[in-house]
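Here, residue 1 is the first one in the sequence, and each next residue gets the next number. Quantities reported herein were computed from a predicted structural model and do not represent experimental measurements. Atoms considered below: every heavy atom in the structure, side chains included; atoms not considered: hydrogens, waters and symmetry mates.
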Amino acid sequence: MTTLASGTETLTRDALTVLQPGFTGTTAPDWLLRRLGEGLASVGLFGRNIASPGQLAALTAQLRAERDDVLVAIDEEGGDVTRLEVRNGSSFPGNHALGAVDDVELTQQVAHELGRRLAACGVNLNWAPSADVNSDPRNPVIGVRSFGADTGLAARHTAAYVTGLQSAGVAACTKHFPGHGDTAVDSHHALPRIDVSAEVLAERELAPFRAAIAAGTRAVMSAHILVPALDPERPATLSHRILTGLLREELGYDGLIVTDGMEMRAIAGTYGIERGSVLAIAAGADAICVGGGLADDATVLRLRDALAGAVRAGELPEARLAEAAGRVRALARWAGTAGRPAESTHGTEIGLHAARRALTVTAAPGLGDPATFKPLTEPPYVAALTPVANIAVGDETPWGVAAELIHLLPGTVTGSFCAGDGPESEAGENAGRAALQAAGPRRIVAVVRDEHRHPWMASALGTLLAARPDTVVVEMGVPQAAPRGALHIATHGAARVCGRAAAEVIAGAVGR
C-alpha cells in the first residue's frame, strides 16, 4: 500500500541513498562530498579514479571523513576486468582461468586475497563475481569473465568466490542475474534477448545464483536482458516478475539488489535513465548503479528528482523506496562491522600460481608432443592480433605476452595488428602479411584473443602459420578454436599474470 511521503527531507534522502554514482578524478569532487552529507550512501569507483593503492586509500578516507558508513564499490573482477591495476594488468587471473583449474579452494584463496587488497584500500563492495554460464561461445561481453560453459562448474566456483571475497570483509555482488551467458549481444550497446525455456533457465542460468545465495552473497546485480520465458515485456532490471517474483520470492534472496549500469544502451536507449531507474526500484531493485559513462552531479540530481517525483506522483510506492534505502543502509552496517583481515595466509604470489595452473599447453596435430618443445633462447617477434575491446574490459589495460617476454628474452620486439577496413578475409590476410614483414627472420609468437569470434584473426593466423609453421600461438581468450602452431598455449584470460605464465613456458623460465 502506498503511503504519503513523511517529508521532503526523508524522501530526498532515500532517493539519494539508493544511488551508486561515479565521478571523475582521483580525489572526491566537492559536489560528491556535499551529496554524501545529504544522504548519498554509495560511491562507485572505476579505473579513472585509481592511480595507486596509496592514492586509493587516501580517496576512500576522504569519502569516509564525510560519511563514515559509505559503501565504496568497484568493478574489480580480476583477470581482464581490473580497476585496481588498470594501467598494468591484474595480479590475479579471472574466472575462466580459475574454472580451467577447477580447484574451489584455489578460487576461494584468490578471491580472499583480492578482497584483502580491496579492503586495505578502503573498498567494501565489489561488483563481482560474474556467475554467468558462458553457454554461447559468440558472447561478446562475458567470455573469460565466466568460470565456463558448464553449469555445475560455474555454480561451485561462484560460491567459492563469494565465500573468499566476503571472508576479507568485502561484500560480493554476484552478477548478472538471471544470467548473461547465452547472449550474442553486448548490453552496453543494445538489449540482448535470451530465447530459452523457463526449464532451461532454471537448470542452467539460475544454478550459480542459487549457489551464491546459499553462500551468503550480500548483493546481486541485475542484467539488462530480455528473457521472454520469464517476462516477455521488460528486461530483467525492470521486471517485477524477475527481481521480486523470481529472485526474492522463489529463490528466497533478501540481500541488496543492484542494477547494472543504467547508462548502458540496453536501458538508456530504450527507457531512458530516469524512467528506467524508477521502474527498476519499483520492480524490486535497491540500488541504481550509474557512473561508468555518466559521472557528474547533474546525473545524480536527475535520478534523485525522478525517484522522488515518482513517489509524489503515485507511480512509485514510498514504502518500496524506503525498503530499498533500508537495504543499502543494512549492507553498509555489515561492511562497517566485517572488519579487515590480517595479512594473507596464501601469499602474495597466489595469483601467479593460479595463472600457471590454468595454462593448457598443446601442439597442433602432427607436430609432436608439447613436452618436446624447445624453449626460445633468442628474442622473438610478438605479433598481437588485437580485437576491439568491449566496454567492460576497456582499452586502457595492457595485455599480451610481450612485456613479460622482454624481461625474460631482452630484445623481444612486438607489434599490434587489427582488422582494419574491408572484408574480413582480406583484412586478416593483410594483417598476417604485415606481421610477417615486421617479424623478419625472428621467431614469431602470435597472440590472439577469442580467435573463434573473429574471422579476420583466424585468417591472419592462418597466413602466419602457412609461412612460418614454427610460430608459437598464445590464445588469451576463450580457447574455442582448434589449437594451431608449433606450440599452442591457452591462458584462459589476458591478466598480466596470465601473460607472465605463458612467457615462462615460451622462454623455459617457469618459476624464475
Please determine if [X] and [Y] form a salt bridge, counting it only when a charged side-chain N lies under 4.0 Å from a carboxylate O.
{"X": "Arg87", "Y": "Glu396", "result": "no"}
{"X": "Arg35", "Y": "Glu66", "result": "no"}
{"X": "Arg329", "Y": "Asp69", "result": "no"}
{"X": "Glu76", "Y": "Arg83", "result": "no"}
{"X": "Asp286", "Y": "Arg320", "result": "yes"}
{"X": "Asp14", "Y": "Arg304", "result": "no"}
{"X": "Asp450", "Y": "Arg138", "result": "no"}
{"X": "Arg48", "Y": "Asp75", "result": "no"}

Practice item. Begin with the C-alpha distance, continue with both residues' side-chain angles, and end with the deciding distance and a verdict on side chain to side chain contact (heavy atoms under 4.5 Å, CB included) for Phe92 and Glu113. Key: CA-CA 9 Å; Phe92 303 92; Glu113 176 61 17; 3.5 Å; yes
Exercise for review: Flag the pair Ile273 / Thr299 as yes when at least one side-chain heavy-atom distance between them is below 4.5 Å, and no otherwise.
Suggested key: yes
Report the distance from atom [atom1] of [X] to atom [atom2] of [Y], rounding to the nearest 0.5 Å.
{"X": "Arg500", "Y": "Thr491", "atom1": "CZ", "atom2": "OG1", "value": "15.0 Å"}
{"X": "Cys418", "Y": "Met457", "atom1": "SG", "atom2": "CE", "value": "10.0 Å"}
{"X": "His176", "Y": "Asp260", "atom1": "NE2", "atom2": "CG", "value": "5.0 Å"}

Practice item. Look at the side chain of Gln55 and the backbone N and O of Asn49, then say whether any donor-acceptor pair between them is shorter than 3.5 Å. Key: yes
Practice item. Would you kindly check if the NZ (Lys) or CZ (Arg) of Arg496 is within the cone defined by 45 degrees around the ring axis of Trp399 and under 6.0 Å from the six-membered ring centre? Key: no
**Study point:** Partner of Leu63 under side chain to side chain contact (heavy atoms under 4.5 Å, CB included), chosen from Thr27, Leu32, Leu71, Asp68
**Key:** Leu32
Check your understanding: Gln20 and Trp127: side-chain donor and acceptor closer than 3.5 Å?
Key -> yes
Exercise for review: Could you go through the side chain to side chain contact (heavy atoms under 4.5 Å, CB included) check for Val278 and Leu307 one step at a time?
Suggested key: CA-CA 6 Å; Val278 170; Leu307 292 167; 4.1 Å; yes
